[in-house]
Amino acid sequence: MPARIEDTAGTILDTVVVVDGAPIVTEKKVDALTKVLKKLFSEAGRVRDDGFYMPMGPDGKSKGYVFIGFETPEQADNAVRGLNNKRLDNKHTLLVNKFTDIEKFGDDDEEEEEYIAPPEEPYIEQEYLRSWLKEPNAVDQLVLYKGESVGVFWNRKSEAPEGIVNRSNWTETYVAWSPLGTFLCSVHHQGVQLWGGDEFGRKSRFVHPGVQLLDFSPCENYLVTWSPEPIQLIPENSPMRAAFPFTASDEGKQIVVWSVKTGMPVRTFSSSVGQDNERGPGPQGPKKISWPAFKWSSDDKYLARVVPGQQIFVYETPGMGLLDKKSIKIDGVVDFEFSPAVIKGTGKKDEPEHVISYWTPEINNQSARVTLMTIPSKEVIRTRNLFNVAECRLHWQDKGAFLCVKVVRFTKTKKSTFTNLEFFRLTEKNIPIEVVELKDTVINFAWEPAGDRLVIISTSDSPAAPGAPPGARPTAAKIPGMPGPGGPVKTSVSFYGLERSKGVNGQFRQITTVERKSSNSIFWSPKGRVVVVAAVGGTSNNTGELDFWDFDFEGEKKEVPGAEDVPANLTLMASGQHYQLTDIEWDPTGRYIATSSSMWGRAMETGYRIWDLKGQLLREEHVERFKQFLWRPRPPTLLTKDQQREVRKNLREYSKVFDQEDIAEESQASKELIAQRLRLLEEWRAWRKAVEGELEEERGGIVPLAFKSGDDDDEIIEEIVEEVISEKEEEIED
């Protein structure tokens with residue numbers, strides 16, 4: 001910090017900040033702007049009574065900059081650190097600098113008359129953070145967390161994974177990939193660190209003491225962290241103060257939204273955000289956390305949270321201010337979801353907008369209701385009244401074309417419940433709604449990625465905890481270290497598809513139902529078509545059953561009464577088992593799926609297995625104290641829709657090339673194995689010859705016949721002999 005400079009009046013100039021980018025206003029609005037800016041900058045410290053000066057021009061308008069004086073230089077530092085680049089509104093971003101920073105550029109009297117160009121700094125090439133995508137065979141990377149060791153590996157199918165980097169104590173709790181795979185996150189008591197590049201060097205650090213949970217925005221622009229420990233300011237004289245990113249306005253907060261690019265906090269929120277009323281273990285246990293606390297629009301432009309029963313707060317990035325400077329008041333609101341994609345024709349003048357869906361229960365003789373609202377216009381585009389509602393769940397199709405509302409309803413006697421599926425079709429005129437009524441209770445539901453087919457799991461028994469939601473990330477769906485779902489109940493698995501006749505969408509029809517299963521979880525391939533239905537949960541009575549289903553089996557088409565126009569040929573390809581299964585993850589290409597038993601899920605036999613999409617087991621490894629298996633995500637393809645269509649059209653030709661490459665790879669592996677065996681044999685012969693020489697020297701040139709090597713020209717033949725130990729015949733009577 002520059003040395004203190006005092007003017008003739010004794011004012012300490014290093015307590016003064018210069019604020020650029022302020023709105024230019026007339027004299028009538030000066031008082032209002034002064035009030036707004038004083039309130040904003042009082043978050044950094046106390047503004048002196050005579051510490052606010054807004055210069056005015058000869059035209060009666062302000063000049064767009066302000067001088068603000070604090071009581072101490074430390075408060076001025078807080079203002080620069082916390083409010084520089086602060087977005088005041090959609091048109092104004094404040095730039096805050098210390099008044100004494102003018103010394104960095106020199107006084108006018110000290111300026112050189114002749115311009116001297118600054119020395120050119122050498123170019124330092126930065127690592128390409130997506131270099132793993134250049135692997136020619138599209139081999140995916142994965143993370144294995146075993147004991148205290150975290151390693152990143154290449155997937156080698158049935159062979160042992162090929163190590164890239166392996167480090168002990170890389171994390172203190174768990175690891176997580178960012179949504180597009182750019183960064184690997186490690187979680188420590190002091191905060192979160194991001195790692196990337198070929199050597200996985202540290203790229204960023206976010207100081208948040210006691211952090212336990214994290215969540216990225218979909219485009220990786222922002223990171224949200226939560227700690228049970230409220231933020232406490234570090235004393236000004238502490239050597240750690242310079243690296244501490246929080247100001248007085250952040251004190252007591254527990255949730256932080258960070259900019260991934262700058263590594264600085266954008267905004268902090270109180271601990272009440274995202275909490276429900278349910279308490280954890282013990283009568284005085286802490287409240288359970290509903291995570292993620294914020295829900296994001298698909299383009300990172302908006303994030304939102306709900307205050308149950310009252311309102312929804314929608315914030316705009318990058319300034320993190322409230323949309324239209326006010327919340328959306330909704331009496332009784334329970335939950336909401338952003339559409340995963342911008343939907344054309346939903347906004348004003350048919351412009352594409354984001355859509356949020358939310359539901360409210362029955363209140364004061366008013367029916368329950370599901371509502372669709374556009375963002376940012378806040379226009380209600382569809383409502384649906386519901387009766388006798390016990391609960392609602394909102395399930396968006398990943399392209400935003402459909403919304404399925406799972407409605408749990410009471411029977412007339414109020415003693416039991418049944419389930420309705422209400423399908424909203426957002427791409428059709430007036431958003432029509434189709435209702436599918438079910439007799440049982442639905443415990444899990446999943447759309448096909450980029451498709452209009454779906455799988456549901458239902459039961460007529462009292463359901464245990466629901467299975468893992470499809471596509472859930474470890475940091476969002478469940479807190480690492482917590483056990484999975486409870487013991488299995490008898491369930492039914494039903495498969496549905498949308499009718500298509502001459503290019504016109506019909507109704508959702510049931511293709512088939514499989515009864516008396518133990519399955520509780522659904523895992524679609526990220527490319528669609530193939531789905532794995534499984535029993536997930538680390539309890540001792542979990543069988544870990546796995547069923548691999550293909551919706552587009554390339555064989556004889558099975559005729560399904562009532563679903564003739566559904567484009568599907570459903571077939572069970574294979575069934576498998578992984579005892580005490582706790583986690584399932586598809587690789588991003590949809591070629592492989594990993595099942596694992598984690599010690600965090602209370603599994604007794606820990607380890608992982610890798611299967612291909614047809615259900616064939618490729619690799620199995622039992623690992624003591626195994627914790628995590630995570631595939632590295634991939635960003636969306638850069639190919640256009642036409643290019644993707646061309647690839648699918650010629651897929652059979654590409655497959656022939658790929659098959660030849662696989663055979664060559666297997667042949668090369670066999671050659672390497674033979675070469676290794678020959679090398680070991682030569683080493684053995686050399687060792688034996690050396691031993692013979694030593695024996696001959698010790699015994700005066702006499703070597704026992706049993707120790708003599710054969711001639712070099714001898715041929716060694718390996719022979720496999722099959723011996724029948726016993727044989728028994730039995731007669732079977734008709």
Side-chain angles (χ1 to χ4, degrees), residues 129-130 132-133 140-143 145 150 152 170-171 173-188 191-197 200 202-208 211-227 245 254-269 273-274 289-305 314-318 320 337-342 354 396 398 449 468-480 526 583 585-588 628 630-636:
L129 296 180
R130 293 183 174 177
W132 89 96
L133 298 174
D140 280 302
Q141 292 183 358
L142 55 95
V143 158
Y145 187 3
V150 176
V152 182
W170 197 347
T171 182
T173 51
Y174 61 95
V175 293
W177 290 107
S178 58
L180 304 181
T182 308
F183 303 105
L184 178 66
C185 312
S186 60
V187 183
H188 311 263
V192 176
Q193 297 187 97
L194 303 187
W195 310 81
F200 283 89
R202 188 173 67 189
K203 301 304 175 184
S204 191
R205 177 171 60 180
F206 304 90
V207 179
H208 192 181
V211 64
Q212 291 187 4
L213 299 175
L214 63 87
D215 181 55
F216 276 90
S217 63
C219 301
E220 298 184 347
N221 292 314
Y222 301 95
L223 172 67
V224 185
T225 58
W226 174 83
S227 170
Q254 291 175 280
I255 295 179
V256 184
V257 181
W258 305 82
S259 168
V260 173
K261 293 180 181 178
T262 65
M264 296 298 294
V266 181
R267 184 163 179 174
T268 56
F269 295 88
V273 176
I289 300 299
S290 177
W291 191 257
F294 291 89
K295 297 174 182 179
W296 293 87
S297 64
S298 58
D299 57 2
D300 285 10
K301 192 172 182 179
Y302 304 100
L303 70 159
R305 66 180 177 93
V314 181
Y315 302 90
E316 286 186 279
T317 61
M320 292 296 168
E337 293 290 344
F338 262 108
S339 166
V342 176
H354 294 281
W396 281 98
D398 67 342
R473 299 202 303 274
T475 56
K478 64 178 182 179
I479 300 174
D583 298 280
E585 273 215 2
W586 279 96
D587 84 314
Q628 279 183 285
L630 299 174
W631 293 104
R632 187 172 192 174
R634 287 175 174 263

What pairs of residues pass the salt bridge (Lys or Arg N to Asp or Glu O under 4.0 Å) test when at least one of them lies in residues 289-299, not counting sequence neighbours?
K295-D335, K295-E337
Is there a donor-acceptor pair closer than 3.5 Å between any side-chain N or O of R267 and the backbone N or O of V257?
no
For K203, look at atom NZ and say whether over 12 heavy atoms of other residues, nucleotides or ligands are found less than 6.0 Å away.
yes
CZ of R205: more than 12 outside heavy atoms within 6.0 angstrom?
no
Is there side-chain contact between M264 and P245, with at least one heavy-atom pair below 4.5 Å?
yes
Would you call V260 and S204 a side-chain contact if the rule is heavy atoms closer than 4.5 Å?
no
Looking at CZ of R634 and OG1 of T182, how far apart are the two atoms once the value is rounded to the nearest 0.5 Å?
12.5 Å
Is there side-chain contact between L214 and W258, with at least one heavy-atom pair below 4.5 Å?
no
Give the minimum heavy-atom separation between T171 and H188, together with the two atoms involved.
CA-CE1, 3.8 Å
Given side chains that start at C-beta, do those of W226 and D215 come closer than 4.5 Å, heavy atoms only?
no
Can you tell me how far CG of D587 sits from CG of L630, rounded to the nearest 0.5 angstrom?
13.0 Å
Between E585 and W631, is there a donor-acceptor pair closer than 3.5 Å when you use the side chain of the first and the backbone of the second?
yes
Evaluate the side chain to side chain contact (heavy atoms under 4.5 Å, CB included) criterion for residues V152 and R632: first the C-alpha distance (whole Å), next the side-chain angles of each, then the deciding distance (0.1 Å), finally the verdict.
CA-CA 9 Å; V152 182; R632 187 172 192 174; 5.5 Å; no
What heavy-atom pair brings G197 and L129 nearest, and what distance separates the two atoms?
N-CD2, 3.8 Å
Value rounded to 0.5 Å, distance of OH in Y222 from NZ in K261:
8.0 Å
Shortest non-hydrogen separation from F338 to W396 and the atoms involved
O-CD1, 3.5 Å
How about V187 and Q212: do any of their side-chain heavy atoms sit closer than 4.5 Å?
no
Specify the closest pair of heavy atoms between S297 and P218, including all atoms of both residues, with the distance to one decimal.
O-CG, 3.6 Å
Just so I know, are the side chains of V224 and P292 near enough to count as touching, which here means a heavy-atom distance under 4.5 Å?
no
What is the minimum heavy-atom distance between P179 and S217, and which atoms define it?
CG-O, 3.6 Å
Side-chain donor or acceptor of T268 paired with backbone N/O of I255 under 3.5 Å
no
Looking only at heavy atoms, what is the nearest atom pair of W291 and T225, with distance?
CH2-C, 4.1 Å
Check for me whether the distance between the ring centres of F183 and F216 falls short of 6.0 Å.
no
By side chain to side chain donor-acceptor pair (under 3.5 Å), which residues pair with R202, not counting sequence neighbours?
Q193
Check: S339 side chain, H354 main-chain N or O, donor-acceptor pair, under 3.5 Å:
no
Could you give the distance from SG (C185) to CZ (F206), rounded to the nearest 0.5 Å?
8.5 Å
Determine yes or no for a side-chain-to-main-chain donor-acceptor pair under 3.5 angstrom, with D300 supplying the side chain and C219 the backbone.
yes
Do the side chains of L184 and W170 get nearer than 4.5 Å, heavy atoms only?
yes
Across all chains, not counting sequence neighbours, the side chain to side chain donor-acceptor pair (under 3.5 Å) partners of Y315 are R305
Between Q628 (side chain only) and V175 (backbone N and O only), is there a donor and an acceptor less than 3.5 Å apart?
yes
